[in-house]
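Hydrogens, waters and symmetry mates are skipped; everything else that's a heavy atom, side chains included, is used.
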Amino acid sequence: MDTIFLRDLRVPTIVGIWEWERRLPQVVSIDLDMATDIRRAAGSDEIGDTLDYKGVSGRIRDFVADSRFKLIETMAEQIAAIIIEEFHVPWVRVAVHKPCAIRGSRDVGVAIERGTRL
């Protein structure tokens, strides 16, 4: 199985458990690894034969921007579900980063894998 990936998709959103986090948008960064078979697209050189990563990024960007999660764990789980269900991807790895969430740390986040990697 091949992998199409997307790195550092930055989206401003409301996320967090603290009162101030519920008022001020923060930028989260999202990394995606999506299993797919690219052989057909490689042979045809047509976008319709592959996973459209521009379509994926737009859908996820809109979803996250409109969300109001308390936990990045919930955000990651729902992103994975969208990719598997709407884009028919058998396996996905989603990492959600919340930069500067911990004083003295550059980054904190969660990474999950869902589906079956063939």
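- The OG atom of S67 sits 9.0 Å away from the CD1 atom of I14 when rounded to the nearest 0.5 Å.
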Pair F63-Q78, side chain to side chain contact (heavy atoms under 4.5 Å, CB included): steps then yes or no: CA-CA 9 Å; F63 172 75; Q78 293 197 19; 3.5 Å; yes

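- Atom CD1 of residue I79 and atom CZ of residue R114 lie 12.0 Å apart, to the nearest 0.5 angstrom.
- The heavy-atom pair separating A41 from T50 by the smallest distance is CB-CB, 3.4 Å.
- Scanning all heavy atoms of the two residues, the minimum distance from R22 to R68 falls at NH2-O, 2.9 Å.
- Taken to the nearest 0.5 Å, the CD1 atom of I38 stands 7.0 Å off from the CD1 atom of I4.
- At least one side-chain heavy atom of D33 sits under 4.5 Å from a side-chain heavy atom of W91.
- Here the side chain of D37 pairs no donor or acceptor atom with the backbone of M1 at under 3.5 angstrom.
- Under the 4.5 Å side-chain contact rule for hydrophobic residues, L24 and W18 share a cluster.
- When every heavy atom of I112 is checked against every heavy atom of A80, the shortest pair comes out as CD1-CB, 4.0 Å.
- Taking CG of L6 as the start and NZ of K54 as the end, the distance is 13.0 Å to the nearest 0.5 Å.
- A salt bridge is defined here as a Lys NZ or Arg NE, NH1 or NH2 lying under 4.0 Å from an Asp or Glu carboxylate O, and R39 with D49 fails to meet this definition.
- Applying the 6.0 Å contact sphere to CG of D8 captures more than 12 heavy atoms from other residues, nucleotides or ligands.
- Contact check on K70 versus E21 returns no salt bridge, with no Lys/Arg side-chain nitrogen under 4.0 Å from an Asp/Glu carboxylate oxygen.
- Taking both residues in full, the closest heavy atoms of R10 and R61 are given as O-NH1, 3.3 Å, listed atom of the first, atom of the second, then distance.
- Put simply, the side chain of T116 does not reach to within 4.5 Å of the side chain of P90, judged on heavy atoms.
- Side-chain atoms of Q26 come within 3.5 Å of backbone atoms of V15 as a donor-acceptor pair (strictly under, hydrogens ignored).
- Of all the heavy atoms in V108 and A101, the pair that sits closest is CG1-CB, 3.4 Å.
- The distance from atom CD1 of I83 to atom CG of L32, rounded to the nearest 0.5 Å, is 4.5 Å.
- Considering CD of E77 and CG of L71, their distance stands at 12.0 Å, rounded to 0.5 Å.
- Clustering ILVMFWY residues whenever any of their side-chain heavy atoms sit less than 4.5 angstrom apart, transitively, puts Y53 in the very cluster that holds I84.
- Nearest heavy-atom pair across K98 and G16 is NZ-CA, 3.8 Å.
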From CA spacing to verdict: side chain to side chain contact (heavy atoms under 4.5 Å, CB included), R117, T3: CA-CA 10 Å; R117 189 168 178 99; T3 303; 2.7 Å; yes

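- The environment of R106 atom CZ is sparse: at most 12 non-hydrogen atoms of other residues, nucleotides or ligands sit within 6.0 angstrom.
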